[in-house]
2 protein chains.
Amino acid sequence: MWRVNTLGFAILGLLARRPLSGYRVAQLMREPIGFFWNAGHAQIHGTLRKLVEAGWAEYRTEPGPGPHDKKLYSATAAGRAALAEWAASPLPTPQPHDELLLRVYNGWLADPDTMRDMLTAEIERREASLAHYLAVQAEFEADGTPTDPRSTRFVDYATVLNGIGSERNVLDWLRWLVTKLRG
Amino acid sequence: MWRVNTLGFAILGLLARRPLSGYRVAQLMREPIGFFWNAGHAQIHGTLRKLVEAGWAEYRTEPGPGPHDKKLYSATAAGRAALAEWAASPLPTPQPHDELLLRVYNGWLADPDTMRDMLTAEIERREASLAHYLAVQAEFEADGTPTDPRSTRFVDYATVLNGIGSERNVLDWLRWLVTKLRG
DNA sequence: CCCAGCATGTAACCAGTTACATGATTGG
DNA sequence: CCAATCATGTAACTGGTTACATGCTGGG
């Protein structure tokens, strides 16, 4: 039988909240959880099929639109139990792939002006992303700061706070770097 | 001809500093640059072969030990030029894969005590990593804080500062999360 | 004598990306 | 009428991991 991988759990985590079509899963993989996990629709459809085979998800068919039937997936009780266990199990040692740091590591060879332009563009990208997270945080807090760690509201809020912290942190570092590049 | 991928540039970045065997490249992919890029030896040997085919690296053969000759790789002038250009070129939008955040996102389903244990273990791992970065930083600053952005010392120092900042940032967040889980 | 470190390579597999293929509905 | 959105799927490929395979040297 198939060994469920991290993407399987990422998808199952969405299905555990509400039933979704594969198309909607792909959308959510861009917008809310895409900030920390990410996949294309081709990979998602295959993984959904495997989740059903494993008995962790099920679907009911609805007609159209288009040449294929729409499939509304949801997590089974077994799927939820497996997800709950996985969420709290020990983390494997991460295998980082940070292209920004790799660029900086090799930046001693590059033209400082071009390098500074690249970093400035990155600062702008991340400022926009920070502004977005701050808006989401404000929305949460307007409805009362979440406190119950067993609610989806709380974990959503926690991931937003993480985003705010890490964007602020890289922004500080990038701004420091840019000043060093200006001689 | 082969389109050089990010791993190719990661390896080339090591070869641009000093000639290395494939084995040594694999070692460095664990210890210093493994903190932001990472690959196994099987992938490295194949990529080295492709870099040579592309004219961006070359090697001279030295005997043994073992059944194969040792190959000492170094970056060619063309390789260095390509690397310098790549380092300052615009970054593609990153596709994050952060398993810690995925665990937290699904943590509302899990037992808070088990969840807290997992996060505590993560705090310990990252405290050790932070202590290591701080020791490296102290060593750098003992020899005089690097300032020239066109030196390898400066870029090495910059990546260490990034490590310190991001570890401190997640540690703050993890400690906040753990207190919320203690209700 | 055994183990750790040095050293390179292949094969099979799993994960992820890109391109191709199809087609209804809704709003401008 | 056209474009965007909803909707699912396959095929070919590239990237990355795990397991297998070999064998020397030096230290305990």
Side-chain angles (χ1 to χ4, degrees), chain A residues 1-11 14 19-31 34 36-54 57 59-73 92-99 102, chain B residues 1-11 14 19-31 34 36-54 57 59-73 92-99 102:
Chain A
M1 207 216 272
W2 176 60
R3 247 183 191 79
V4 181
N5 57 23
T6 312
L7 176 60
F9 288 110
I11 294 173
L14 294 169
L20 294 167
S21 68
Y23 184 86
R24 281 287 295 152
V25 169
Q27 273 189 328
L28 298 171
M29 280 283 167
R30 275 180 246 119
E31 184 50 39
F36 50 89
W37 206 272
N38 177 297
H41 86 277
Q43 213 187 345
I44 289 164
H45 283 301
T47 305
L48 281 168
R49 190 178 38 76
K50 287 180 195 164
L51 283 172
V52 171
E53 278 166 24
Y59 63 88
R60 54 191 173 82
T61 307
E62 285 179 17
H68 304 281
D69 281 339
K70 173 175 166 172
K71 292 175 179 174
L72 245 204
Y73 291 90
T93 55
Q95 293 170 191
H97 290 96
D98 188 327
E99 192 162 337
L102 202 54
Chain B
M1 208 218 271
W2 176 60
R3 249 184 189 79
V4 180
N5 57 23
T6 312
L7 176 60
F9 288 111
I11 293 173
L14 294 170
L20 293 167
S21 68
Y23 185 87
R24 281 287 294 154
V25 170
Q27 274 188 327
L28 297 170
M29 280 285 167
R30 274 180 247 120
E31 186 49 38
F36 49 89
W37 206 271
N38 176 296
H41 88 275
Q43 214 186 344
I44 289 164
H45 284 299
T47 305
L48 280 168
R49 189 177 41 76
K50 287 181 195 165
L51 283 172
V52 171
E53 279 166 23
Y59 63 88
R60 53 189 174 84
T61 308
E62 284 179 17
H68 305 282
D69 280 339
K70 176 176 166 173
K71 292 174 179 174
L72 246 202
Y73 291 90
T93 55
Q95 294 171 189
H97 290 95
D98 188 328
E99 192 163 335
L102 202 54

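Reminder, nothing fancy here: chain letters follow the sequence lines and each chain counts from 1. Predicted, not measured: the structure shown is a model, and the values here were computed from it.
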What are the two closest non-hydrogen atoms of B:Ala10 and B:Met29, and how far apart are they?
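Distance-wise, the nearest heavy atoms are CB-CE, 3.8 Å.
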Between [N] atom [atom2] and [X] atom [atom1], what is the distance in whole Å?
X: A:Phe9; N: C:dA15; atom1: CZ; atom2: C1'; answer: 16 Å
X: A:Asn38; N: C:dT18; atom1: CG; atom2: C1'; answer: 14 Å
X: B:Tyr59; N: C:dT8; atom1: OH; atom2: C1'; answer: 12 Å
X: B:Ile11; N: C:dT8; atom1: CD1; atom2: P; answer: 12 Å
X: A:Lys71; N: D:dC6; atom1: NZ; atom2: C1'; answer: 16 Å
X: B:Arg3; N: D:dT14; atom1: CZ; atom2: C1'; answer: 12 Å
X: A:Glu62; N: C:dT25; atom1: CD; atom2: P; answer: 15 Å
X: B:His97; N: D:dG15; atom1: NE2; atom2: C1'; answer: 12 Å

Any idea how A:Tyr73 and A:Tyr59 line up, ring-wise: parallel (<30°), tilted (30 to 60°), or perpendicular (>60°)?
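Plane angle between 30° and 60°, so tilted.
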5' precedence on DNA chain C between B:Tyr73 and B:Gln95 (nearest-nucleotide basis)
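Comparing both residues, the 5'-ward one is B:Tyr73.
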side-chain contact (heavy atoms from CB on, under 4.5 Å) between B:Tyr23 and B:His41, intermediate numbers included
CA-CA 7 Å; B:Tyr23 185 87; B:His41 88 275; over 6 Å; no
Within this structure, what is the NZ-CZ distance for the pair A:Lys71 and A:Arg60, rounded to the nearest 0.5 Å?
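Separation between the atoms: 14.0 Å.
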Calculate, to the nearest 0.5 Å, the distance between atoms OG1 and CG belonging to B:Thr6 and A:Asp98 respectively.
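It is 11.5 Å, given to the nearest 0.5 Å.
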Kindly determine whether A:Phe36 and B:Leu102 satisfy side-chain contact (heavy atoms from CB on, under 4.5 Å), including the steps that lead there.
CA-CA 7 Å; A:Phe36 50 89; B:Leu102 202 54; 3.8 Å; yes
Counterpart residues, side chain to side chain donor-acceptor pair (under 3.5 Å), relative to B:Arg30 (two or more places apart)
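Listed in chain order: nothing, the list is empty.
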For residues 42-49 of chain A, tabulate all N or O donor-acceptor pairs below 3.5 Å that involve a side-chain atom, not counting sequence neighbours.
unit_1  : atom_1 : unit_2  : atom_2 : d
A:Thr47 : OG1    : A:Gln43 : O      : 2.9
A:Arg49 : NH1    : A:Glu53 : OE2    : 3.1

Enter the inter-axis angle for the ends of the helix from C:dC1-D:dG28 to C:dG28-D:dC1 (five pairs per end, rounded to 10°).
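Terminal axis comparison yields 30°.
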Show, in sequence, the C-alpha distance, side-chain angles and deciding distance for B:Asn38 and A:Gln95, and conclude whether the side-chain contact (heavy atoms from CB on, under 4.5 Å) test is met.
CA-CA 6 Å; B:Asn38 176 296; A:Gln95 293 170 191; 4.0 Å; yes
Give, ordered by number, those residues of residues 19-31 of chain B having at least one heavy-atom distance below 4.0 Å to an atom of DNA chain C; if nothing qualifies, reply none.
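B:Ser21, B:Gly22, B:Tyr23, B:Gln27 - these, ordered by number, are the residues of the stretch whose heavy atoms sit under 4.0 Å from the strand.
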Quick check on D:dC24: is either OP1 or OP2 less than 4.0 Å from any side-chain nitrogen or oxygen of B:Lys70?
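No.
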Applying side chain to side chain contact (heavy atoms under 4.5 Å, CB included), name anything that partners A:Thr93, two or more places apart in sequence or on another chain.
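Residues passing side chain to side chain contact (heavy atoms under 4.5 Å, CB included) with A:Thr93: none at all.
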Going by number, which of residues 39-52 of chain A have a non-hydrogen atom under 4.0 Å from DNA chain D?
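Correct list: A:His41, A:Ala42, A:His45.
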Before you tell me yes or no, could you show the steps for B:Leu14 and B:Arg24 under side-chain contact (heavy atoms from CB on, under 4.5 Å), namely the whole-Å CA-CA distance, both residues' side-chain angles and the distance that decides it to 0.1 Å?
CA-CA 10 Å; B:Leu14 294 170; B:Arg24 281 287 294 154; over 6 Å; no
